[in-house]
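The structure presented is a predicted model; accordingly, all values stated were derived computationally and were not measured. Atoms within a ligand are numbered from 1 in the order they appear, just like the ligands themselves.
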Amino acid sequence: MSKQKIIVANWKANPLTSDEAKKTAKGIVKYAKKYSKVETVICPTSLHMEAIAKLQRKPVVKLGSQDTFAGTVGSHTGEVTIDMLSKIGVSYVIVGHSERRAMGETEQDVAAKLQTVIQNKSKAILCIGELERDKEARYLTFVHDQLIHSLGDIEKKDLKKIIIAYEPVWAIGAKDSDAMKGSDMYEMVIFIQRIIHDAFGEDVAKKVKILYGGSVSSVNAGDILENGHVDGLLIGRQSLYPESFGQILEIASKTK
Ligand code: PGA
């Protein structure tokens, strides 16, 4: 049997109301039921999380958070903790998305959040990716260093709780024709496996799950999944349209 693909909806700061969020989630649940071989994860804002959790008596889609606070409940104005998130059913947490890094989140912050997530029962989706590409391939050094620093003091045994989402910043929010080609993504998959190999050993390198994110649509999803040899996709804009997202789930369900 083929490996289960992981398709993650990152709603970012959308939609405006809880009713809209429920409507969109219901639409996605309908497709997720049909393509149940795929692990479908919705990451709404913290505000809409509970409403979506209540929609499903028997979870068809998994709930994910777009971020977490790296600490426990207490006097931390404005924060949402991992315990709060897991209490309402969150099982995946995105850590280090480029939009949060652009707001000032450092590699040390990301590493601390990663520790918080793996000490909880949740899985972390660690985002990495260069801002731009250069002919001298300095972006490879950037990706290497960003990954190693973001992993911080992670122990080898905890790697199975971490999914790496490679999202080149230049491909996020672009046209679907500007997303990475599957064959280019395959090179990146090999490169990331190499980094994990050198840092943690051969046995874990091949097992680490790698997602692609950046302008994924139903037009390019097949190429990226098939030729990129990725374990899944992290999807922004197209995850707000159940029908388009459903098409991607269908493609993922058919990809070996
Ligand atoms: P996009 O966003 O699919 O809208 O490019 C992806 C992301 O930022 O995770």
Sub-4.0 Å atoms of ligand 1 with respect to non-hydrogen atoms of [X]:
| X | result |
| --- | --- |
| Ile172 | 2 (O), 5 (O), 8 (O) |
| His97 | 7 (C), 8 (O), 9 (O) |
| Glu167 | 6 (C), 7 (C), 8 (O), 9 (O) |

Check: How close does the nearest protein non-hydrogen atom get to atom 4 (O) of ligand 1, and which residue and atom is it?
Finding: Arg237 NE, 2.7 Å

Check: How far is atom 3 (O) of ligand 1 from its nearest protein heavy atom, and which residue and atom is that?
Finding: Gly236 N, 2.9 Å

Next item on the list: Taking atom types as modelled, find out whether Glu130 and Trp170 have a side-chain donor-acceptor pair closer than 3.5 angstrom.
Entry: yes

Next item on the list: Taking all non-hydrogen atoms of both residues into account, name the closest pair between Ser150 and Val110 and its distance.
Entry: CB-CG1, 3.9 Å

Margin query: Going by ring pair (Phe, Tyr, Trp, His ring centres under 6.0 Å), name the residues that satisfy it together with Phe69, two or more places apart in sequence or in a different chain.
Written below: His76

Next item on the list: With heavy atoms only and a cut-off of under 4.0 Å, state how Asn10 meets ligand 1: side chain, backbone, both or neither.
Entry: side chain

Margin query: Test of understanding: given a 4.0 Å heavy-atom threshold, classify the contact between Lys12 and ligand 1 as side chain, backbone, both, or neither.
Written below: side chain

Note to self: Is Gly213 close enough to touch ligand 1? Criterion: a residue heavy atom under 4.0 Å from a ligand atom.
What the structure shows: no

Taking the basic N atoms (NZ, or NE/NH1/NH2) and the acidic carboxylate oxygens, is any pair closer than 4.0 Å for [X] and [Y]?
| X | Y | value |
| --- | --- | --- |
| Glu105 | Lys113 | yes |
| Asp67 | Arg100 | yes |
| Glu39 | Lys62 | yes |
| Lys87 | Asp83 | no |

Check: Is there any N or O on Leu234 that sits under 3.5 Å from an N or O of ligand 1?
Finding: no

